[in-house]
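Following: one structure in structure tokens, then a few remarks.
Any value given below was found using the heavy atoms of this structure, including those in side chains, with hydrogens, waters and symmetry copies removed. Numbered from 1 within each chain, the chains take letters A, B, ... in sequence-line order.
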Amino acid sequence: MQNETYDFRVIQERWLPVWEAKEPFVVKPEPTGRPTKYILDMFPYPSGDLHMGHAEAFCFGDILARYWRTQGYDVLHPIGWDSFGLPAENAAIKRGVDPREWTYSNIDQQKASFRTYAPSFDWTRVLHTSDPEYYRWNQWLFLKMYERGLAYRKDSWVNWDPVDLTVLANEQVLADGTSERSGAMVVKKKLTQWYFRITDYAERLLADLDQLEGRWPAKVLGMQRNWIGKSEGAEVFFEIEGHDEKIPVFTTRPDTLWGATFMVVAPDADLAQELVAGADEATREAFADYLAQSQKQSEIERQNADREKTGVFLGRYATHPLTGERIPVWAADYVLADYGHGAIMAVPAHDQRDLDFALAFDLPIVQVLDVRGEEGEELPNPAESGIALTGDGVLVNSPGLDGLTKAEAVAESIKTLEERGTGKQAITYRLRDWLISRQRYWGTPIPILHGTGEHEGEMKPVDQSTLPVELPASAGLDLKPKGSSPLGAATEWATVEDPETGATWLRDPDTMDTFVDSSWYYFRFLSPTDSTQAFDPAEAKKWGPVDQYVGGVEHAILHLLYSRFITKVLFDMGYIDFEEPFLDMLNQGMVLQDGAKMSKSKGNLVEFAEQLESHGADALRVTLAFAGPPEDDIDWADVSVQGSAKFLARAWRVARDVTSEPGVDFTTGDAELRKATHHLLAEVPKLVEDYKFNVVVARLMEQVNVTRKAIDGSVGTADPAVRESAEAIAMMLSLFAPYAAEDMWAMLGHEATVALAQWPAADESLLVENEIKVAVQVGGKVRDVLVLPATASDADAEAAALASTSVQRAIGDKEIARVIVRLPKIVSIATKG
RNA sequence: GCCCCCAUAGCCCAAUUGGCAGAGGCGGAAGACUUAAAAUCUUUUCAGUGUCGGUUCGAGUCCGACUGGGGGUACCA
């Protein structure tokens with residue numbers, strides 16, 4: 001075993017079989033009495049081999065998992081695959097193979113890479129979301145949601161890819177309005193789809209973010225809050241001439257109610273159709289044209305805020321609830337059908353969009369707020385300037401509100417509306433319900449049956465006891481997107497006969513969004529082979545929630561929001577006793593090349609497999625950990641894997657050179673080196689818990705350097721302090737470089753595995769300094785550094801400072817105003833004049 | 001447009017949370033070893049913290065304004 005030089009290949013081959021035989025990271029079901037930590041990395045999607053992004057995220061997750069083991073915790077650190085989804089299906093279409101084949105062969109490749117990379121996973125808990133044993137519980141979850149009214153079907157406008165002929169999720173539509181896959185301009189199409197009622201949970205999803213403050217990245221919390229988009233204001237009811245029902249609109253500015261001069265309805269809202277129905281033919285035609293035209297509009301055109309306002313008059317008038325005036329009702333696509341009530345009251349004087357519209361169509365503009373400029377000067381009339389007065393001010397032209405400030409008027413206005421029964425206080429969220437159905441093959445079948453014949457139009461859930469509804473084989477199915485799910489064509493699969501009535505029912509042909517799969521997988525890891533339930537609530541009580549989640553910020557909104565939602569639903573159902581799934585979260589940065597994102601087309605790919613092969617797992621992991629703060633992007637041009645390998649070799653040689661025996665009494669060792677070791681033992685836990693992995697590596701380098709110096713200097717290889725340091729280095733290094741650390745541990749005469757070694761407590765007596773170095777400042781500049789006994793009092797320090805000749809020189813003939821003593825750091829002398 | 005983050009040496013990054021700006025690495029230079037090179041080892045080099053102002057005995061750190069860079073989001077009423 002005693003090699004003379006460090007060779008990562010030899011070491012990897014030596015230890016991998018040992019670990020695989022011992023399975024040190026398998027969590028046993030028996031209680032141990034130790035505290036628990038659930039450390040989770042976002043599970044990978046199996047598209048090809050692992051890449052550098054995986055290497056980074058799993059490196060950080062593994063540092064934390066290994067760290068908590070050294071601290072005496074039982075650590076659950078599982079791995080699985082998010083293995084349903086479009087890429088498998090696209091590959092299947094392109095190459096004519098089964099999506100299963102593509103998926104599971106990629107998983108095997110990733111498993112093999114992980115094996116060498118050696119994260120400390122519990123490999124007995126592996127799950128794949130595309131296994132029937134997993135998605136069976138997706139279906140269970142769906143049915144539970146359905147029972148509670150949280151899963152429902154509705155007609156609505158969805159994103160439609162006119163090339164691939166499929167519905168797209170919002171996240172599959174790029175910012176420029178094109179499909180991320182086909183590149184085609186996405187259009188809107190009205191379809192019946194399944195939704196999860198996440199909007200019911202909007203307030204809780206927002207409020208509970210406060211609990212995560214300081215534990216999740218502020219950026220993610222901000223993005224979540226933004227996405228939920230709570231707005232407070234009022235609902236105002238408008239009567240429409242010749243229309244029975246009052247029309248509610250939402251506004252955040254009830255203070256400007258007296259300035260409302262027209263109404264606007266979203267052209268694609270049902271309300272617009274209803275209102276125009278009774279109008280004359282010319283109006284109906286104009287509206288139909290307008291609707292068709294705005295439907296054709298691509299997202300990019302529609303989202304361009306600078307574009308000219310367009311719209312058509314609906315031939316109707318509403319009655320202003322306060323003034324009683326007739327105000328015209330228009331349809332315009334700057335109003336969104338699915339926000340608020342799909343209709344607004346327009347206050348052109350105080351809203352830029354309304355003003356633009358009013359100016360375009362020559363509608364009245366009434367100013368109701370006296371808004372002043374920064375200097376208190378009068379601002380130009382919006383009708384002339386074209387600039388709406390959106391700031392704060394004093395109400396005018398508003399009987400009952402005149403003279404009030406904006407905030408006062410908001411409250412007063414709501415009160416008035418409520419008294420008159422023409423409105424009320426209201427809250428609206430930007431968050432929409434979650435569209436979960438997909439017209440695709442490679443996903444979880446939706447466990448619903450649709451009636452035929454006399455049951456036409458009826459739906460019934462699949463009996464829980466018959467789950468899973470397994471996906472039929474893909475052979476014989478045309479997986480190409482056609483606009484309807486390929487499963488509908490699997491006639492034999494889709495047709496179900498009711499054993500009692502003999503009636504024919506058809507399976508819902510859609511599959512679930514893969515975000516459903518990933519919204520609860522962390523629960524399945526708790527009891528992954530349980531065939532009686534989705535997860536064991538007792539295990540959830542023991543391990544949950546996830547203590548540490550690690551993954552990319554690209555999931556800051558959707559995956560995390562959906563997971564938080566499902567967790568709250570499971571809480572409401574009584575399966576778990578917590579409402580937030582992930583207590584702490586770390587988002588790793590990206591791995592870049594020369595400041596740019598790596599991509600095949602740019603040809604600047606740093607391949608994980610290549611790096612692993614040429615430098616080994618340890619050097620790669622140390623490089624990623626050392627490159628900088630984990631949240632920051634890493635530019636591969638700035639790092640040196642060779643440098644990391646050099647450090648590992650240096651550390652390894654320290655252990656090799658130790659000549660004392662295991663178990664030697666450390667207290668007789670060199671005091672200087674021992675101090676360094678114990679300072680390190682005391683400092684590193686804080687650093688790891690603060691995610692300062694780069695600093696920990698730097699400290700380890702420093703410790704290796706001082707130990708090397710001690711060995712080569714007067715201390716020598718046999719000094720117990722050298723062994724103590726080498727053992728500490730091996731133990732701490734095991735978080736970053738498990739192979740090298742294990743080899744060091746073995747050279748130091750210990751049994752495998754160092755991963756289960758416990759963190760030695762730092763000896764407090766070695767941490768106290770008996771001398772302190774106190775800087776003396778005069779007028780903010782350091783003039784002397786005093787060496788004082790640690791027991792020195794403030795008065796001693798002040799006296800010593802004033803006695804210093806260089807301090808006296810600095811003071812000169814100036815008068816001393818104040819002397820501030822902050823031991824053990826500094827004495828600060830403030831002078832006058 | 002709105003919201004958030006960042007700015008320290010040629011480069012990547014530290015700085016006990018308001019107390020002497022430097023821990024570590026990369027790169028550069030010199031030297032040792034070598035026939036030579038690589039590898040290895042030793043020594044060494046380098047900024048006053050983006051700009052302006054404020055608070056303070058004292059500011060990289062706190063506050064304000066600005067500049068530059070990055071990210072998120074946007075007819076959301």
Side-chain angles (χ1 to χ4, degrees), chain A residues 5 175 217-227 229-231 233-234 236 249-253 256 260 264 266 302-307 309 332-336 338-347 350-354 356-357 428-432 553 556-557 589 595 622-623 626-629 631-635 637-640 642-644 646-647 649-650 653 679 683 686-687 692 694-705 708-709 712 773-785 816-832:
Chain A
T5 56
K219 184 172 152 186
V220 176
L221 294 174
M223 286 165 73
Q224 293 245 329
R225 289 193 178 104
N226 226 322
W227 190 259
K230 182 178 183 174
S231 288
V236 184
V249 304
F250 176 75
T251 178
T252 54
R253 297 294 305 274
T256 62
V264 186
R302 226 190 59 72
Q303 286 185 357
N304 183 0
D306 294 335
R307 122 191 126 92
K309 289 282 182 290
D333 61 6
Y334 81 92
V335 172
L336 306 178
D338 54 358
Y339 182 77
H341 299 285
I344 61 156
M345 64 174 211
V347 185
H350 305 289
D351 182 284
Q352 191 61 48
R353 298 155 300 182
D354 296 344
D356 294 343
F357 192 81
T428 295
Y429 300 89
R430 208 186 74 117
L431 184 68
R432 310 291 156 76
V553 74
I557 299 175
V622 167
T623 302
F626 185 56
E631 307 83 0
D632 289 5
D633 291 346
I634 298 172
D635 193 330
D638 293 331
V639 301
S640 164
Q642 287 86 349
S644 303
K646 206 161 88 177
F647 158 63
R650 279 169 64 78
R653 286 195 298 268
H679 267 116
E683 187 188 8
K686 285 179 221 147
L687 291 170
K692 294 186 176 181
N694 54 327
V695 184
V696 175
V697 174
R699 290 284 179 273
L700 287 172
M701 288 172 170
E702 198 180 1
Q703 183 70 14
V704 168
N705 290 345
R708 184 79 253 165
K709 276 207 178 89
D712 294 345
K773 282 185 179 172
V774 182
V776 184
Q777 290 182 344
V778 180
K781 289 205 171 96
V782 176
R783 297 299 185 182
D784 198 5
V785 178
I816 294 173
R818 237 173 113 190
V819 180
I820 292 119
V821 183
R822 292 280 182 276
L823 292 179
K825 296 283 181 189
I826 211 151
V827 175
S828 182
I829 298 167
T831 56
K832 270 183 196 166

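- Using a 4.0 Å heavy-atom cutoff across all strands shown, A/Ala698 reaches at least one base atom of the nucleic acid.
- Base orientation of B/rU17: syn (glycosidic angle within 90° of 0).
- Of the C1' atoms belonging to B/rA29 and B/rU45, the separation is 7 Å, rounded to the nearest Å.
- Atom CG in A/Leu431 sits roughly 16 Å away from atom C1' in B/rA74 (whole-Å rounding).
- Look at A/Ser644 and you won't find any side-chain N or O under 4.0 angstrom from OP1 or OP2 of B/rG25.
- With its glycosidic angle more than 90° from 0, B/rG69 adopts the anti conformation.
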Please list, pair by pair, any protein nitrogen or oxygen found under 3.5 Å from a nitrogen or oxygen in nucleotides 36-45 of chain B.
unit_1, atom_1, unit_2, atom_2, d
B/rU40, O3', A/Arg653, NH2, 3.3
B/rC41, OP1, A/Arg650, NH1, 2.9
B/rC41, OP1, A/Arg653, NH2, 3.2

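- As rounded to the nearest Å, B/rC20 and B/rG69 have C1' atoms that lie 32 Å from one another.
- Searching all strands for a Watson-Crick or G-U wobble partner of B/rU40 with both distances below 3.5 Å returns B/rA32.
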Identify all pairs in which a protein N or O lies below 3.5 Å from an N or O of nucleotides 60-62 of chain B, and state each distance.
none

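- With a cut-off of 3.5 Å on both pairing distances, B/rU49 has no Watson-Crick or G-U wobble partner at all.
- Contact between the side-chain N/O atoms of A/Arg430 and the OP1/OP2 oxygens of B/rA74 is found at a separation under 4.0 Å.
- B/rU49 sits 32 Å from B/rA30 when the P atoms are compared, rounded to a whole Å.
- The nearest whole Å value for the distance from the CD atom in A/Gln352 to the P atom in B/rA77 is 15 Å.
- Residue whose closest nucleotide on RNA chain B sits further toward the 5' end, between A/Val774 and A/Met345: A/Val774.
- The P atoms of B/rC11 and B/rU51 are separated by 15 Å, rounded to the nearest whole Å.
- Distance from the side chain of A/Ile557 is smallest for B/rU73 among the nucleotides B/rG24, B/rA77, B/rU73.
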Item checked: Nucleic acid footprint by protein, nucleotides 7-19 of chain B - heavy-atom cut-off 4.0 Å, B for base, S for sugar-phosphate alone -> ----SSSSSBB-B
